[in-house]
Amino acid sequence: MALEAETQAIVDQFEFSDDDVNRAVKEFLRQMDEGLRKDGTSLSQIPTYVTAVPNGSEKGLYMAVDLGGTNFRVCSIQLLGNNSFRHTYNKVAIPKHLMVAKTAQELFAFLALEIKKFLQEHHNEDFEHHIRRRMTVSAPEGFRDEHIFRMGFTFSFPVKQVGINKGTLIRWTKGFDIPDAVGKDVCALLQEEIDKLHLPVKVAALVNDTVGTLMARSYTSPNKHGSILGAIFGTGTNGAYIEKLSNLKKGLAGEYDDTTGHMVINTEWGSFDNQLNVLPTTKWDDALEKGSINPGYQMYEKRVSGMFLGEILRLVTLELHNNPNVSFFKDENSSFNDRGSVTVIDRDSPLYKPWGVDTSIMSTAEADHDPELSALRQSLEKDLKIYAPAYEDALAFKRISHAIGRRAARLAAVAIAAVVIQTGKLDDPELLGEEIDIGVDGSLVEHYPGFRSMITEALKITEGIGESANRIKIGLTQDGSGVGAALIASVAASMEKNTSNVDYIGELRSTVKAEPSAVDEKAASD
Ligand code: ADP
Ligand code: MG
């Protein structure tokens, strides 16, 4: 039958073979290394200034805020020190007019006010006490050490980070447009407004959501060695992992504590292989590319993440429907349509709208093992406005969707495999036979049935991993922007102390240098 043959031909084009996986892993490792050496490469490998991950014993009360899209979240997190935490949070929609405000100050003043409301509502005692103390101190410097809450600030827009709590906005995305903020330090913008309200809060850390995921997983995971990678497979895809400082060859602008010998690196792997050395490209990938707002960029992400998979599926489905040699979602099929009615695609169907098909239907298709594919056919009607779809058509749709999802999972495995190999943890004699922990977040990995098992299957055929894939534990982790951000604030707090120690010793050294005789005397008496 023509439909079956055509479907198979399409499925074959999304095949990403074991050899393809292995070639891609090697290229991923090469691009990782390149990104550690210089700027302007396809994998940005951004140093985060976070030099340690938590082990679950951390304690204390921290705050976290998350600005990343439609909502602003404020929360406080009590780290209990036994891999667990308690949190309290408020969520408020960002008023549309503030997303396009004239000045950054207007938006950040709103955020500060929400922080104040949160403190009054949930931490009123601390708050009142603090305000009373502030009333009695007149000099602004007197306020400095009074900051009670350290806060992690998850800011999900492109930022050039230059310190643990310092980063300048490169550009707005997701419907925000406040030109005045571009190029400014977003932590300073927030701190200024917090200070105007005399709130007992210090913006201690600027947090990327992948780093938050890594930290949150490290804290909550039962693995005593913590996690090595935090990865997101949601709207977009990205990962942050622990790298040896000695491998980080490009210079670092800001200060950091180097005593751990490690630093968390934000790979920005969505742009892996923008040059298409190894990424697979079908004609539908090309079509998506032409219709995208950033042609040539985020090439890996466009084959892997939720924002794009639905669009690939839409483009394939539409083409197959328009193929004159095939009957697919057409009324010719009604003769054997077990529903006894005519298949019609509504003129308003999301199938006809670029970016109209949500990736969630792929999860529905994958999950449906009913002999009549009832759930999928219902979803085709309800979500895609394809009325009375025949069983054969739904089956073809399911097979195509599976092919796209499977390719995405195998590509996801490429990034995970490369990071695992790069860290050398599987061969670490101290970790012999132990689990290597990875935290993942995002709707795709959370809801697409079998996404994680397809990743593991691909890891098993990866040279350098093989059967050790069974030791790689991929755990779901939510709340990277809550507990993860709080943890980074706690790391930042400990760094503040370390940095001042380093400075103190540095100062001693320069004093000693200035007085050579003192050094000699000291050496002699030792
Ligand atoms: P974000 O990445 O913005 O934090 P999510 O992790 O929820 O948010 O990811 C949202 C993306 O996941 C969207 O692109 C959406 O199409 C896709 N998505 C939502 N639900 C599902 C699902 N059930 N299965 C697969 N993809 C989904
Ligand atoms: Mg998310």
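Whatever order the structure lists ligands and atoms in, that order sets their numbers, starting from 1.
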- Task: Give a yes or no on this: more than 12 heavy atoms of other residues, nucleotides or ligands lie within 6.0 Å of atom NZ of Lys353.
- Result: yes
- Item | SB check Asp185 Lys160 (cutoff 4.0 Å) | no
- Message: Can a side-chain donor-acceptor contact be found between Asp383 and Ser379 if the only test is distance below 3.5 angstrom?
- Response: yes
- Message: What I want to find out is whether Glu457 reaches Arg406 closely enough, with some N-O distance under 4.0 Å, to be called a salt bridge.
- Response: yes
- Item | Sub-4.0 Å heavy-atom contact, Met307 with ligand 1 | yes
- Can you list the ligand 1 atoms lying under 4.0 Å from a non-hydrogen atom of Gly234? 2 (O), 6 (O), 9 (O), 11 (C)
- Query: Based purely on interatomic distance, does Phe233 place a nitrogen or oxygen under 3.5 Å from a nitrogen or oxygen of ligand 1?
  - Reply: no
- Item | Residues Arg377, Glu372: salt bridge by 4.0 Å N-O rule | no
- Does an N or O anywhere in Gly236 fall below 3.5 Å from an N or O of ligand 1? no
- Task: May I ask you to check if Arg73 and Tyr89 form a cation-pi contact, with NZ or CZ under 6.0 angstrom from the six-membered ring centre and within 45° of the axis?
- Result: yes
- Message: Quick check on contacts: which atoms of ligand 1 are under 4.0 angstrom from a heavy atom of Asp358?
- Response: 15 (C), 16 (O)
- Message: Taking 4.0 angstrom as the limit and counting only heavy atoms of Gly306, give me the atoms of ligand 1 inside it, by number and element.
- Response: 14 (O), 16 (O)
- Query: For His447 and ligand 1, does the shortest N/O to N/O distance drop below 3.5 Å?
  - Reply: no
- Query: For ligand 1, which atoms sit closer than 4.0 Å to a heavy atom of Ser363?
  - Reply: 22 (C), 23 (N), 24 (N), 25 (C)
- Could you list the atoms of ligand 1 found under 4.0 angstrom from a heavy atom of Gly442? 6 (O)
- Does Tyr448, backbone or side chain, put an N or O under 3.5 Å from an N or O of ligand 1? no
- Query: Under 4.0 Å between a Lys/Arg side-chain N and an Asp/Glu carboxylate O for Arg303 and Asp273?
  - Reply: no
